[in-house]
**Student:** 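One structure is given below, represented as structure tokens, and several questions about it will come after.
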2 protein chains.
Amino acid sequence: MAPSRATPNPAILAGMSSEALAPQPAPIAPRRPRAPGPAPNGAGSLARMLEVLDLFTAETPLLRVDDLQARLGYTKSTAYRYVKTLCDAGLLAQPAQGCYALGPRIVELERLMRIADPLLQAGEAVLPSLAAEVPNSMVLLCSLYRDKVLCVHREGPEAIQAGGRSITILRARGLPLPLFQGAASLAILAWLPPHRIRALFLLRQAAMAAAGLGADWAAVRQRLAGIRREGFVATAGRFNRHLAAVSVPVLSRDGSQVAGSLTRIMALSDYAGQEPALLARALQGGAGQVSARLA
Amino acid sequence: MAPSRATPNPAILAGMSSEALAPQPAPIAPRRPRAPGPAPNGAGSLARMLEVLDLFTAETPLLRVDDLQARLGYTKSTAYRYVKTLCDAGLLAQPAQGCYALGPRIVELERLMRIADPLLQAGEAVLPSLAAEVPNSMVLLCSLYRDKVLCVHREGPEAIQAGGRSITILRARGLPLPLFQGAASLAILAWLPPHRIRALFLLRQAAMAAAGLGADWAAVRQRLAGIRREGFVATAGRFNRHLAAVSVPVLSRDGSQVAGSLTRIMALSDYAGQEPALLARALQGGAGQVSARLA
DNA sequence: TAGCTTTCCCCATAATATGGGAAACAGGGT
DNA sequence: ACCCTGTTTCCCATATTATGGGGAAAGCTA
């Protein structure tokens with residue numbers, strides 16, 4: 001600080017009475033106790049802080065501290081402390097004063113993931129030729145994380161001509177897919193080890209039923225066994241009225257577990273003329289190549 | 001938990017003596033106090049938890065809990081609690097038992113940033129034609145976040161033929177650049193509002209000097225003023241012995257502040273035959289188009 | 001199923017996150 | 001250049017809760 005910004009006497013500037021400058025005996029208000037209970041929220045303060053990230057969406061990428069305070073029920077102090085901690089970690093950033101957004105660390109970490117992800121590496125090498133095999137179609141590489149299926153890579157055109165219109169899937173990487181719906185997810189689910197499927201069922205039976213996977217354990221089990229017997233999943237007009245999808249699992253190199261799924265998306269009109277099993281065969285070839293390239 | 005996990009009586013199951021069930025005077029080992037001091041680490045526990053993310057690198061994308069425990073000095077309990085909290089938030093994931101990696105939430109959040117970032121939107125529209133103007137060259141769009149410059153988008157070939165070899169810049173998005181070195185960073189720095197430059201200088205004078213920006217405030221100020229007068233930054237052989245770069249600032253639509261920088265990277269041999277100011281002029285045209293497209 | 005590692009749970013206490021208010025700061029206007 | 005307004009940090013006592021150790025449960029491998 002070269003010229004040393006030296007004007008720290010706001011008390012006088014603010015016109016406070018001289019009394020206020022005398023040593024105050026006990027003017028500090030004691031902390032207002034929160035309502036008793038095991039935990040005010042579902043978790044500890046560490047998890048509470050991370051909830052801040054959930055508030056950022058494509059519709060509201062910029063938030064003010066007031067919004068956080070209101071939406072999460074914190075006080076101003078706490079909201080600012082969370083924001084400051086997250087900013088220091090780079091997970092948030094301030095594009096402008098009073099304005100917060102997701103931060104650079106996220107982009108940086110995502111790059112690390114791209115560099116380190118063997119599935120992505122393998123997919124980038126194999127998918128281009130696979131996508132080119134069928135005109136007006138794109139190929140998606142998806143992956144399962146605990147209880148979330150994400151599109152990891154897309155190859156082929158950004159848009160598909162279908163139903164007289166151009167249907168675009170923009171910025172596919174990172175697109176979250178419903179766990180129990182869609183060819184890409186089912187192709188992963190069906191090849192999960194039995195105890196994983198069972199655990200998922202016990203935990204999210206309602207969601208499975210709602211997605212039409214099956215009302216009880218027997219139905220779900222049977223449905224997934226059917227998919228495994230076929231070797232692929234084909235859906236038509238579910239994700240979009242004018243689109244169809246065929247998906248096959250990508251297994252780890254030793255074939256012991258499922259690493260993700262490979263999905264071709266095409267116009268429903270193009271799909272109608274073809275044999276699903278034939279489309280699946282081509283995908284299975286690609287999936288085998290991807291598997292072979294996995295570290 | 002279909003059969004309702006209702007067996008919360010570990011004392012009996014474990015075969016403890018009935019004495020142990022009586023009110024225990026003080027059998028529980030008191031918490032071992034940590035070394036006294038204002039704070040064991042530089043920050044509170046919230047920031048401490050986020051340090052876990054720093055341990056994941058391109059070289060070590062997979063970590064075991066023992067590693068975290070050892071590298072951050074936590075106990076097993078704490079390490080597992082952090083990991084669980086971060087996993088629940090999706091910032092970490094377990095590809096396999098005993099194995100942790102960066103999680104799906106990061107990819108998902110990064111997608112949100114791509115969707116919402118006006119600079120990226122504008123860049124994707126403008127850069128392709130700009131990159132094609134000069135063969136064997138790529139164009140980088142970079143942005144400043146508080147104290148970090150990141151490449152946000154790359155257009156053009158992935159590799160440049162220079163010095164008889166092919167020099168590749170892979171996965172440019174998310175690539176961190178040194179704040180005080182390189183054309184892309186300097187083109188942003190120089191157009192920062194004076195008080196921001198001054199704040200940076202006060203905070204990181206040593207780093208500026210080490211990067212050759214200037215030993216004292218006068219030198220730094222003069223150097224940046226010189227860049228502003230020129231209107232661009234050109235470097236040759238700094239980032240890589242066989243490459244040269246020309247960079248210009250991208251201003252906000254109203255021109256009041258700098259939003260990022262636009263940089264062309266080319267082979268040093270190609271650069272040598274050209275007039276830097278002419279290259280800069282073309283970039284300035286592109287930067288103007290990007291600015292015009294900013295929301 | 002047994003045997004192993006990994007993960008979670010329990011609890012008292014020490015560490016620290018919290019909340020209220022005021023100081024310091026930054027940006028925009030005149 | 002200055003004030004003025006809204007934003008951000010600092011301060012401190014106390015209540016909340018994160019911590020650490022040991023042991024139970026869960027998950028995977030053989």
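Order of the sequence lines sets the chain letters (A, B, ...), proteins ahead of strands, with each chain counted from 1. The analysis underlying the following values was restricted to heavy atoms, covering all of them including side chains, and did not include hydrogens, waters or symmetry mates.
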**Student:** Given that B/S45 and B/R64 both sit by DNA chain C, which one's nearest nucleotide is further toward the 5' end?
**Tutor:** B/R64
**Student:** For A/K76 and A/A199, find the nucleotide of DNA chain D closest to each by heavy atoms; which residue's nucleotide sits nearer the 5' end?
**Tutor:**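 Of the two residues, A/K76 wins.
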**Student:** Would you say D/dG27 has OP1 or OP2 under 4.0 Å from some side-chain N or O of A/H195?
**Tutor:** no
**Student:** For a quick check of understanding: with a heavy-atom distance under 4.0 Å over all strands, which category does A/K84 fall into, base, sugar-phosphate or nothing?
**Tutor:**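 Result for A/K84 = sugar-phosphate.
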**Student:** Return the value, rounded to whole Å, for the distance between atom CG of B/L86 and atom C1' of C/dT7.
**Tutor:**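 Nearest whole value for this atom pair: 16 Å.
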**Student:** Test of understanding: with side chain to side chain donor-acceptor pair (under 3.5 Å), list the residues that count as partners of B/S77, not counting sequence neighbours.
**Tutor:**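 Counting only residues at least two positions away or on another chain, B/S77 forms no side chain to side chain donor-acceptor pair (under 3.5 Å).
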**Student:** Using only side-chain N and O atoms of A/Y82, determine if any of them is under 4.0 Å from OP1 or OP2 of C/dT18.
**Tutor:**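 Result: yes.
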**Student:** Answer with base, sugar-phosphate or nothing: what part of the nucleic acid does B/V83 contact at a heavy-atom distance below 4.0 Å?
**Tutor:** nothing
**Student:** Between B/R71 and B/D66, is there a salt bridge with N-O shorter than 4.0 Å?
**Tutor:**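 No salt bridge links B/D66 with B/R71.
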**Student:** Given atom OH of A/Y100 and atom P of D/dG6, what is their separation to the nearest angstrom?
**Tutor:** 17 Å
**Student:** From the list D/dT7, D/dG21, D/dT8, which nucleotide is the closest neighbour of the side chain of B/S77?
**Tutor:**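 The nucleotide sitting nearest to the side chain is D/dG21.
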**Student:** Side chain of A/T78, heavy atoms from C-beta onward: which of C/dT18, D/dT8, C/dT6 has the nearest atom to it?
**Tutor:** C/dT18
**Student:** Starting at CD1 of A/I197 and ending at C1' of D/dG27, how long is that distance when rounded to a whole Å?
**Tutor:** 16 Å
**Student:** Using side chain to side chain donor-acceptor pair (under 3.5 Å) as the criterion, list what pairs up with B/R146, not counting sequence neighbours.
**Tutor:** A/D88
**Student:** Among residues at least two apart in sequence or on other chains, which ones pass side chain to side chain donor-acceptor pair (under 3.5 Å) with A/E108?
**Tutor:**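 With neighbours one apart ignored, the set is B/K148.
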**Student:** Do the side-chain N or O atoms of A/Y74 get closer than 4.0 angstrom to the phosphate oxygens (OP1, OP2) of C/dG20?
**Tutor:**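 A/Y74 to C/dG20 OP1/OP2: no side-chain N or O under 4.0 Å.
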**Student:** Do any pairs count as a side-chain hydrogen bond (donor to acceptor under 3.5 Å, both in side chains) and have a residue in residues 89-101 of chain A, sequence neighbours left out, and if so which ones?
**Tutor:** A/Q94-A/Y100
**Student:** Base, sugar-phosphate, or nothing for A/R196, non-hydrogen atoms under 4.0 angstrom?
**Tutor:** nothing
**Student:** Excluding sequence neighbours, so at least two apart, what forms ring-ring contact (aromatic ring centres under 6.0 Å, His included) with A/F56?
**Tutor:** none
**Student:** Within a strict 4.5 Å, meaning less than it, do heavy atoms of the B/C142 and B/L177 side chains meet?
**Tutor:** yes
**Student:** Whole Å only: how far is the CG atom of B/L46 from the P atom of D/dT16?
**Tutor:**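 Distance check: B/L46 CG to D/dT16 P gives 17 Å.
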**Student:** Name the nucleic acid region contacted by B/Q94, choosing base, sugar-phosphate or nothing; use a 4.0 angstrom heavy-atom cut-off, strictly under.
**Tutor:**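 Sugar-phosphate, no base atom in range.
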**Student:** Find the bend of the helix from C/dT1-D/dA30 to C/dT30-D/dA1 as the angle between its two terminal axes (five pairs each), to the nearest 10°.
**Tutor:**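 Angle reported: 80°, given to the nearest ten degrees.
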**Student:** May I ask you to evaluate whether B/Y80 reaches the phosphate of D/dG20, defined as a side-chain N or O under 4.0 Å from OP1 or OP2?
**Tutor:** no
**Student:** Using a 4.0 Å heavy-atom cut-off across all strands, classify A/R81 as base, sugar-phosphate, or nothing.
**Tutor:**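 The answer is base, as A/R81 lies within the cut-off (heavy atoms under 4.0 Å) of a base atom.
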**Student:** Kindly indicate whether the side chain of B/I197, heavy atoms from C-beta on, has any atom under 4.5 Å from the side chain of B/W217.
**Tutor:**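 Yes, their side chains come closer than 4.5 Å.
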**Student:** Tell me the interatomic distance from B/L72, atom CG, to D/dA18, atom C1', rounded to whole angstroms.
**Tutor:**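 Atom CG in B/L72 sits about 16 Å away from atom C1' in D/dA18.
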**Student:** Reading DNA chain C from 5' onward, which residue's closest nucleotide shows up sooner: A/Q97 or B/A96?
**Tutor:**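 Comparing both residues, the 5'-ward one is B/A96.
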**Student:** What is the distance, rounded to the nearest whole Å, between atom CG of B/L200 and atom P of C/dA26?
**Tutor:** 12 Å
**Student:** Whole angstrom is fine here: how far is it from CG in A/D254 over to P in D/dT29?
**Tutor:**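 It works out to 11 Å between those atoms.
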**Student:** Distance check needed: D/dA18 C1' versus A/M49 CE, whole Å only.
**Tutor:**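 Atom CE in A/M49 sits about 13 Å away from atom C1' in D/dA18.
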